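Have a look at the structure below, then the notes.
Note that the structure is predicted; figures quoted are calculated from it, not measured. A note on names: the letters A, B, ... follow the listed sequences, proteins ahead of strands, and every chain is numbered from 1.
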Amino acid sequence: MEFLGIYYYWVFVVVLMIGFYAVVAKVNLIKKLIGLSIFQSAVFLLYITMSKVSGGTAPIFNDEITGLLYSNPLPQVLILTAIVVGISTTALGLGIVVRIKEEYGTTEENEIQEIDRR
Amino acid sequence: MALLLDIVSWVLLAAGGAFVLVGGIGALRMPNLYTRMHAASVTDTMGAVLVIAGVMVQAGLTLATIKLAAILLFLLITSPTSSYALASAAMLAGIKPDAGSAADLEDSP
Amino acid sequence: MTAPELHLPVLQVVVPMLIAPLIVLLRPQGLAWAATTAASLLSFAIAIQLTTGVLGGHTYQYALGGWEAPFGIALEVNSLSALLLLVLTGASTAALLAGKASLDRQIEAHRQPLFFSAWLLALAGLAGILVAADAFNIFVFMEISSLASYVLVAGGPDRRALPAVFKYLIMGTIGATFYLIGVGLIYMMTGTLSLADMEIRIHEVAEQRPILVAAGFITVGLALKAAVFPLHVWLPNAYTYAPHAVTVFLAACATKVSLFVLLKFDFVVFQHNLLGHDVQFAAFLMPLAVLAILVGSAVAMFESNVKRLFAYSSVAQIGYILLGASMVSYLGLSGGLLHIFNHALSKGTLFLAVMCLSMQYANLQLEHLAGAARRMPWTMAALVVGGLSLIGVPGTAGFVSKWYLLTAALEQGALGMFLIAVIVLGSLMAVVYIWRIIEAAWFTAPAEAPPGAQQMRTEAPTLMLVVTWLAALSNIWFGLVTHVPRELATTAAANLLRHLP
Amino acid sequence: MKVLFGVFLLTLLVITAVAIVRTKNLFVAVMLLGIFSLLIAANFFILDAADVALTEAAVGAGISTVLFLGALALTSEHERTATPHRLLSFAVVTVASLVVLYATFDKPTFGDPNAPVHQHVAPWYLEKTPEYIDIPNVVTAVLGSFRGYDTLGEVFVVFTAGIGVLFLLSARRGPSGRRQTAEPPGAAVGLRHDVIPRVVGRLLVPFILLFGLYVQFHGEYGPGGGFQAGALIAAAFILYALIEGEEQTLRALPQSALNALMVGGALLYGVVGLAGVFLGSNFLDYSVLASNPVSGQQMGIILIEAGVGMTVTGVLLSIFHAFAARDRA
């Protein structure tokens, strides 16, 4: 279990940084938004990992079986909210990208800067 | 009895897994889109059916089995449809079904 | 206290928030603006009521849903939040009242209901951050306010608003996500999300490393949102290309709300629990603050678009606020907080004047403004008053906060001399860039004005001008009668510094 | 066994993420992002977070993919420019990851029931939910009541995104806005001529809607709730739009109805909250809604979940239509 815990945390870090890299390094605006999605998903993983209790089960009571160990509901609630926030940001970002494409005819950041400089 | 059920279910699961594996290898190794789809369809049909059947045997006569049956029914309807849609989209995009050629998705726009 | 007053903290957030969906349905022209302004005025009234209560020595607590703090979500209004609530609701109301004509010109009629709905959501989101006492709740309202401000900025008629807002969105989301990581790490170590609870419980955590990392993430994330130098790169373009009224609103308060959260975390939550956090905080932020003042002002000196010039000046002013905070002393922090209020006044006035100018001048490059003072004398006079306050001339609001900052710097010994030099130099640079506008407006003849039109006085609409002058006069009023903001800022500073030895 | 599962899924997750960043074809990247979401949803599921897994699957793999595809149809499918400053970006990212990794060594053991996360607030929820709210799904109880204010905020985030996209896409087009590609008009009317997808799709739509409603009203007893239900119902309509075309869908559920759903859901939530104030308690206190506090809580949760479902359905479909309408014009 110890190994898995460390592995979860490291995957969180690696995925977080892959997303972060895509956001800062990529020039295509849609690719940046895709990176942003990955970046946010990694944080979801961090929270859900900490909600787990070994031998536990989903925090939904069962009338027939009592005395179960339940995992922590709070991080799950927070991440439900965060997922919604994430998709909202993505949707708005895509709306902006579509408008940029309409106005500039491109979705590459460097080309937009060039057009503006002219 | 429990042992027998366990054996049956594991045989089903293992067989299903084997089909999924074959489908996966096929999707990787086949030369072009249509042959790849042909190989991958093994995963949808035999793979999915056997795995779900194996899990159903594990679950016994419970609500879970009924849900699994519903999933199976759903899969039997949707996966051929999606294969059809994919193939027809490929046709529309102009990829010719030709077993000999290696016209790949990556090569065509 | 009477029963309705108990609900004021939540009403501060909920009133604009619940009116926002209704605005979408208001199709007839002008009605959306009227309803939004009414809602904003109501929020302003609530903020004043809350401030009165806070000045009477009261701290408002509110348990949402009746669930007490660590289990439910609590709200808290103290003097710091009251100060910022005043700034926020005041700026929104002034921008809306003055901005009608400008917004009508910049936003097509059929898009206005959606735009004003987003305005109220931004107001509600920012207010929600200011009254929140729960770390995750702050995140949720930060996102409401951010998404709404992206919409507002994207309303700008210039297409360059779009890339600007995209950058704002990317950097804002990174900032918010960093904040979320920090909160997650703290939650992992303490099991709580309530700020008051964190303050106590982090103390019991033996292993401090995740907390340290959390402090880093939260500080950097919020610094991004607050446009602290060098993370300010999203700000100039966003402010420049936003609709003029939106610039008035956001420039006065948006970044400061993030600073508010930053101060709350660093001074209350972390200061209490991490050994030597104040030293690290100062060591990390003071250089940035100094650089922000110098670089921001220097760029402003060479900027030719008036809006961009003021946007860079905002970067510098955030530096002053941060400089006060990074001295980690009672006087310094009071000065910083006071500067939040005073900068909102002066920059609000300046952007209001810019909005007036924009009614006659489509192009806000300095060289196009030649002779503007003859055409729009009232507007330019208001701009000068705002500019004097920004520079910090005695008798204006800006002077009070700079005086606090200077006296605080004197306490710092040898380093203080350097800080004083920075503050004075920053103010001198402000003189230069304000002077450039004055020079263009008063002492330059219009290049090729159409004959006859040159001497014509074509002022901005009356309502816009009246509000601009009210804002300009408040700069002088709060420069002379400093009681209320000073009281709020000093109480807030004392409250923030309660964990210092 | 579970360890093996976990390691397998996590490794796949990393591989998928790398593949997404490396591919030049944005269409492929979006498809891989859907797979990424599905993988992370599977991870959530084995970590006992059934509600989150359901949401991530519906949103990440479903709605977000649709939105990305809608945007791709309006922009371009290929990433043209190679990544500049690659080394600099790598350096920034490496420094950031070292900072995060610094925290690894002091963090509590994975799954340890004695970790601080499981000590302070969480047990209280598990203990008091039967007493105060009496519904089996603790996640719904916390979401709807104990932290109902966050959920109110969440609804307004969605609402803001909805009006934001509508606002952005109501602007007049710029110079490059006109479509250059001569796409066959068939794309706008869906797969009307494809018999098999059409028949199967029409067969499925009612069942998806039914499932959406089940998830909506079963949220107190099992995984689910307003948000997941809204995403599913929106997905059903999007499928309908794909097979029958945009106009047909807008005839079935016009934009004015979507606006009403958007506004109505948000207001329903707010009004339920204000009812608490008018009945002499705090904002969002549902226990005063009925004579018995527990049934008041349950009533409140059902109402606000309905509000969430309405707003989410309205917003997601509005955004979808806004993108699609931009494509058509």
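Proximity of D:Phe36 to A:Val15: side-chain heavy atoms (C-beta onward) are separated by under 4.5 Å at one or more points. For the pair A:Asn72 and D:Tyr125, the minimum side-chain heavy-atom distance is 4.5 Å or more. Two residues are said to be in side-chain contact when any heavy atoms from C-beta on lie closer than 4.5 Å; A:Leu92 and D:Val165 meet this criterion. The side-chain heavy atoms of D:Arg147 and A:Leu74, taken from C-beta on, include a pair separated by under 4.5 Å. Contact check for A:Val11 versus D:Val14: side-chain heavy atoms found under the 4.5 Å cut-off. With a 4.5 Å cut-off on side-chain heavy atoms, D:Val52 and A:Tyr47 do not count as touching.
Within the 4.5 angstrom heavy-atom criterion, only side-chain atoms of A:Thr90, from C-beta onward, approach chain D. Proximity to chain D involves both the backbone and the side chain of A:Ser41, based on heavy atoms less than 4.5 angstrom apart. At a 4.5 Å heavy-atom cutoff, the contact between D:Ala17 and chain A is made by backbone and side-chain atoms alike. Contact of D:Leu33 with chain A is made through the side chain alone, with heavy-atom distances under 4.5 Å. Using a 4.5 Å cut-off between heavy atoms, A:Glu111 touches chain D through its side chain atoms alone. Both the backbone and the side chain of A:Val85 have a heavy atom closer than 4.5 Å to some heavy atom of chain D. Contact annotation for A:Ser37: only side-chain heavy atoms (C-beta onward) come within less than 4.5 Å of a heavy atom of chain D. At a 4.5 Å heavy-atom cutoff, the contact between D:Thr11 and chain A is made by backbone and side-chain atoms alike. With a 4.5 Å cut-off on non-hydrogen atoms, D:Phe68 touches chain A through its backbone and its side chain both. In this structure, the portions of A:Leu33 lying under 4.5 Å from any heavy atom of chain D include both its backbone and its side chain. Contacts of D:Ile135 with chain A are made by backbone atoms alone, with heavy-atom separations under 4.5 Å and no side-chain atom involved. Proximity to chain A is absent for every atom of D:Pro123, based on heavy atoms less than 4.5 angstrom apart. With a 4.5 angstrom heavy-atom cutoff, D:Val312 does not touch chain A via any of its atoms.
Interface summary for chain D: among A:Thr89, A:Thr107, A:Thr49, the most heavy-atom pairs under 4.5 angstrom belong to A:Thr49. The greatest number of non-hydrogen atom pairs below 4.5 Å with chain D, out of A:Val14, A:Ile96, A:Ile34, is found for A:Ile34.
A:Lys31 places a side-chain N or O within donor-acceptor distance of the main-chain N or O of D:Val21, the cut-off being under 3.5 Å. For D:Asp48 (side chain) and A:Pro59 (main-chain N/O), no donor-acceptor pair under 3.5 Å exists by modelled atom type. Although no hydrogens or angles enter the test, the distance criterion places no donor-acceptor pair under 3.5 Å between the side chain of A:Glu102 and the main chain of D:Leu169.
Shown here for A:Ile60 and D:Gly222, the closest heavy-atom pair between the two residues is CD1-C, 4.0 Å.
Aromatic ring orientation, A:Phe44 versus D:Phe44: tilted (interplanar angle from 30° to 60°).
Here the NE2 atom belonging to D:His118 is positioned 7.0 Å from the OG atom belonging to A:Ser71, to the nearest 0.5 angstrom. For the atom pair A:Ile30 CD1 and D:Leu72 CG, the distance stands at 4.5 Å (nearest 0.5 Å). Taking CD1 from A:Ile38 and OG from D:Ser37, the interatomic distance works out to 9.0 Å, rounded to the nearest 0.5 Å. Atom CG of residue A:Leu80 and atom CZ of residue D:Phe227 lie 9.0 Å apart, to the nearest 0.5 angstrom.
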I'd like to know whether D:Leu67 forms a side-chain contact (heavy atoms from CB on, under 4.5 Å) with A:Ile87, so could you lay out the CA-CA distance, the side-chain angles of the two residues, the decisive distance to 0.1 Å, and finally the verdict. CA-CA 9 Å; D:Leu67 294 183; A:Ile87 182 80; 4.2 Å; yes
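Judged as a ring-ring contact (aromatic ring centres under 6.0 Å, His included), and not counting sequence neighbours, the contacts of A:Tyr7 are A:Phe3. Looking at residues two or more places apart in sequence or on another chain, you find no salt bridge (Lys or Arg N to Asp or Glu O under 4.0 Å) involving A:Glu114.
Tested against A:Pro73 for a side chain to side chain contact (heavy atoms under 4.5 Å, CB included), the candidates D:Thr140, D:Leu143, D:Val139 yield a single pass: D:Val139.
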